[in-house]
There are 4 protein chains.
Amino acid sequence: MKKNKPKYTQIIDAAVKVIAENGYHSSQVSKIAKQAGVADGTIYLYFKNKEDILVSLFQQKMGNFIQKIEEETNSQQTAVEKLLKLIEKHFEQLTADHHLAIVTQLELRQSNKELRLKINEVLKRYLTVIDQIIEEGIQDEIFRNDIDKRLVRQMIFGTLDEAVTNWVMKEQHYDLVEQAGAVHDMIVRGLTYRT
Amino acid sequence: MKKNKPKYTQIIDAAVKVIAENGYHSSQVSKIAKQAGVADGTIYLYFKNKEDILVSLFQQKMGNFIQKIEEETNSQQTAVEKLLKLIEKHFEQLTADHHLAIVTQLELRQSNKELRLKINEVLKRYLTVIDQIIEEGIQDEIFRNDIDKRLVRQMIFGTLDEAVTNWVMKEQHYDLVEQAGAVHDMIVRGLTYRT
Amino acid sequence: MKKNKPKYTQIIDAAVKVIAENGYHSSQVSKIAKQAGVADGTIYLYFKNKEDILVSLFQQKMGNFIQKIEEETNSQQTAVEKLLKLIEKHFEQLTADHHLAIVTQLELRQSNKELRLKINEVLKRYLTVIDQIIEEGIQDEIFRNDIDKRLVRQMIFGTLDEAVTNWVMKEQHYDLVEQAGAVHDMIVRGLTYRT
Amino acid sequence: MKKNKPKYTQIIDAAVKVIAENGYHSSQVSKIAKQAGVADGTIYLYFKNKEDILVSLFQQKMGNFIQKIEEETNSQQTAVEKLLKLIEKHFEQLTADHHLAIVTQLELRQSNKELRLKINEVLKRYLTVIDQIIEEGIQDEIFRNDIDKRLVRQMIFGTLDEAVTNWVMKEQHYDLVEQAGAVHDMIVRGLTYRT
DNA sequence: CATGAATGAGCGTTCATTCAT
DNA sequence: GATGAATGAACGCTCATTCAT
């Protein structure tokens, strides 16, 4: 698995395009190879098997996705600001790459349990970012200290995920990013002390 | 399709068990037939094709699920109480039938887009229940009137769904129902006026 | 096999209709039963199996067909006249029952070798009628005595069969019966002495 | 579909053998693949589906068959001589390849209407050869000018076809080729002027 | 490194036939 | 005799993966 070779990225990008345009179940290895401009067999020089393409795809794309969010939230001062930034960047990035949005929100969920477990591994890093913001909010006595942190994380991630999925399924007919504020507002109200 | 015949239910129950135990992609028609104690061909006396088994499964099980929630929420007075009941019953019912929980939260999501569209049809009825509670809360001036109803619905459904999925993936090692109150609390705080 | 019962004929007539309208491969036993107005199982009280329906169908219908031709040719004096009558009645009868024409010329030929062998048994009686006319023609010194009788029979039957099949495949857009004279003429010229 | 590859021919030849020996309805794709010495899947690299094997088989084999007849008849001077050559070559070629004879005369006729339509397309070329000979015979005033050309063609093709089918069904117990003269004689007498 | 022809396991569905009622 | 629900064997086709070149 030589991850620095251009063909590695070529194949992953081809996979995103093919899956977004044809759907998970119509995305045969041969179709991805064709789109990438390589022979079928070449795929197996860079990936262990088909599942490995998808896992790698998710790792690469979500890696960037999460890193961007980590950077942007770190540039913010308070937990509340960080949370807003997280929501904004989450929506912005998926809005900017609608192929990726389709693949992560709809198509990759059709994969089997095994693949989804590996996907969850990747997501843990994102959930950790959320956890840290929650923790920070509690430490700074901005968020209530009687909340169940796991539940809060589930609420935040569940809400964002459902919002994006709905937006993708509605074929992106409205502006997702401009809803970041409202989503943030609802969530924060649930977490902060009433003053 | 004789839906009142015992074999119809037999096959659906067999499908739930087989899918929960083997996973969506390892649930061949022949395996379901064997579990149901009928011949392969018998399946096709009650269902148009394999997909029809899954759609029917979802319609039957989620039909009951939603009806129970409708009944229980209607017996409550305020929007806040109704929302609590909805969350409790949502968690209770999936806790009571963990095979069904696995199937709806993990396995059926691996189905193709077509099937998922039909599943969404069924879910619409549940989303309508949520919508009505939100509406009622606003009418009664308990919920803030500047909220985006669609976003609220996405938050509620997304949070519950994520909470259940996490619980299923953790192999039900903790008590989901006892979290209903905390989840309810977080959500309601996001919706009500600060007093 | 109770051949005198009305249901026996009912089923055969249903089979002709179903096969003519749906084609051999879309003519399931259940479809024939429905058309006949009986239960699937009832078929098996009157016929050993599906093939037996088709053999019986052919025996009944071709039995009548051949008997008619035998009668009509016997009412003629010379071999030449008899041959004309045979051709006319062959064309007339299939023109009169186009369902039967479709079934015998196109659909039943899709059956397997075994069934076709049984069909040939039935046809032998027809070929015998032809043979007798040829024999008579030679005896009466109307037909040449150096002809190979088997070949003549093949020419006669092959020509009529091909003519009818063409007519059926052209969806009966022209009048088959009015060609009887021309066909007869060509054949007879091949058989008689040049004077 | 790479028609110049040896495997393409291998599979077609295997199909002829398998169908001739097992009958149309017992000729599964897997059996043809085994006979051809390739994997089942390989079949589908060279043919669109099972029907395509059969259509291609007919096109290839009958293509050669007809081409040979075209060449040989063209080397003859008169319509009468051409017709004799046509009959001789028709009988010779099917005598030389009795597997092919069984397949074309008996087994392929069991195919469905769709396939038979495609087969008829191929046969049209043969019928055209016959038509041209008839036309030429009339032009040269050897054949009578009051004959119905379509009927003549049906007589010629029907007679040859019936003769070969009889020979195949009698399991080739006699010499078909030596009958060519007699068949030719009968047909020509029906077409020429009596002098 | 790269190719792409070849592989072969795996599965949804049909339908002639049976048999308990 | 009549029913029709139930049976289960049979098969064409796909596609991830391999490997000789």
Between C1' on F:dG12 and CZ on D:Phe47, what's the gap in Å once rounded to a whole number? 15 Å
Could you tell me the separation between the CD1 atom of A:Ile53 and the C1' atom of F:dC15, rounded to a whole number of Å? 13 Å
B:Asp40 to B:Ala33 - nearest heavy-atom pair and separation: OD1-CB, 3.6 Å
With no hydrogens and no angle check, is any side-chain donor or acceptor of D:Arg116 less than 3.5 Å from a backbone partner on C:Leu106? yes
Using only atom types and a distance under 3.5 Å, with no angle test, would you say the side chain of C:Arg109 pairs donor to acceptor with the backbone of C:Thr104? yes
Donor-acceptor pair, distance only, cut-off 3.5 Å: does the side chain of B:Lys50 make one with the backbone of B:Val29? no
Could you tell me which non-hydrogen atom of D:Ala14 sits nearest to which non-hydrogen atom of D:Gln35, and how far apart they are? CB-CG, 3.5 Å
Respond yes when some side-chain nitrogen or oxygen of A:Lys7 is under 4.0 Å from OP1 or OP2 of E:dC1, and no when none is. no
Are the side chain of C:Glu107 and the backbone of C:Ala20 linked by a donor-acceptor contact shorter than 3.5 Å? no
Measure from the side-chain heavy atoms of A:Val38 and tell me the nearest of E:dA6, E:dT3, F:dG1. E:dT3
Taking Watson-Crick (N1-N3 plus N6-O4 or O6-N4) and G-U wobble (N1-O2, O6-N3), each under 3.5 Å, can you produce the dot-bracket string of DNA chain E? Use [ ] for crossing pairs and | for inter-strand ones. .||||||||||||||||||||
Parallel, tilted or perpendicular: rings of C:His25 and D:His25 (30°, 60°): tilted
Euclidean distance, atom NZ of residue A:Lys31 to atom P of F:dA16 [Å, nearest integer]: 10 Å
Which residue lies toward the 5' end of DNA chain F, C:Thr42 or B:Gly37, if each is placed at its nearest nucleotide? C:Thr42
What does the B/S/- profile of nucleotides 16-21 of chain E look like, 5' to 3', with a 4.0 Å heavy-atom cutoff to protein? SBB---
Tell me, please, which residues at least two apart from C:Glu51 pass side-chain hydrogen bond (donor to acceptor under 3.5 Å, both in side chains). C:Lys118
Here the distance between atom C1' of E:dC15 and atom CG of B:Leu45, to the nearest Å, is 11 Å
To the nearest angstrom, the NZ-P distance between D:Lys34 and F:dC11 comes to 14 Å
When rounded to whole Å, the NE2 to P distance for the pair A:His25 and E:dG12 reads 12 Å
Can you tell me the distance, in whole Å, between the CD1 atom of D:Ile43 and the C1' atom of E:dA6? 12 Å
What's the OH-C1' distance between C:Tyr46 and F:dT3, to the nearest Å? 12 Å
The reported gap from NZ in B:Lys7 to CD1 in B:Ile43 (rounded to nearest 0.5 angstrom) is 11.0 Å
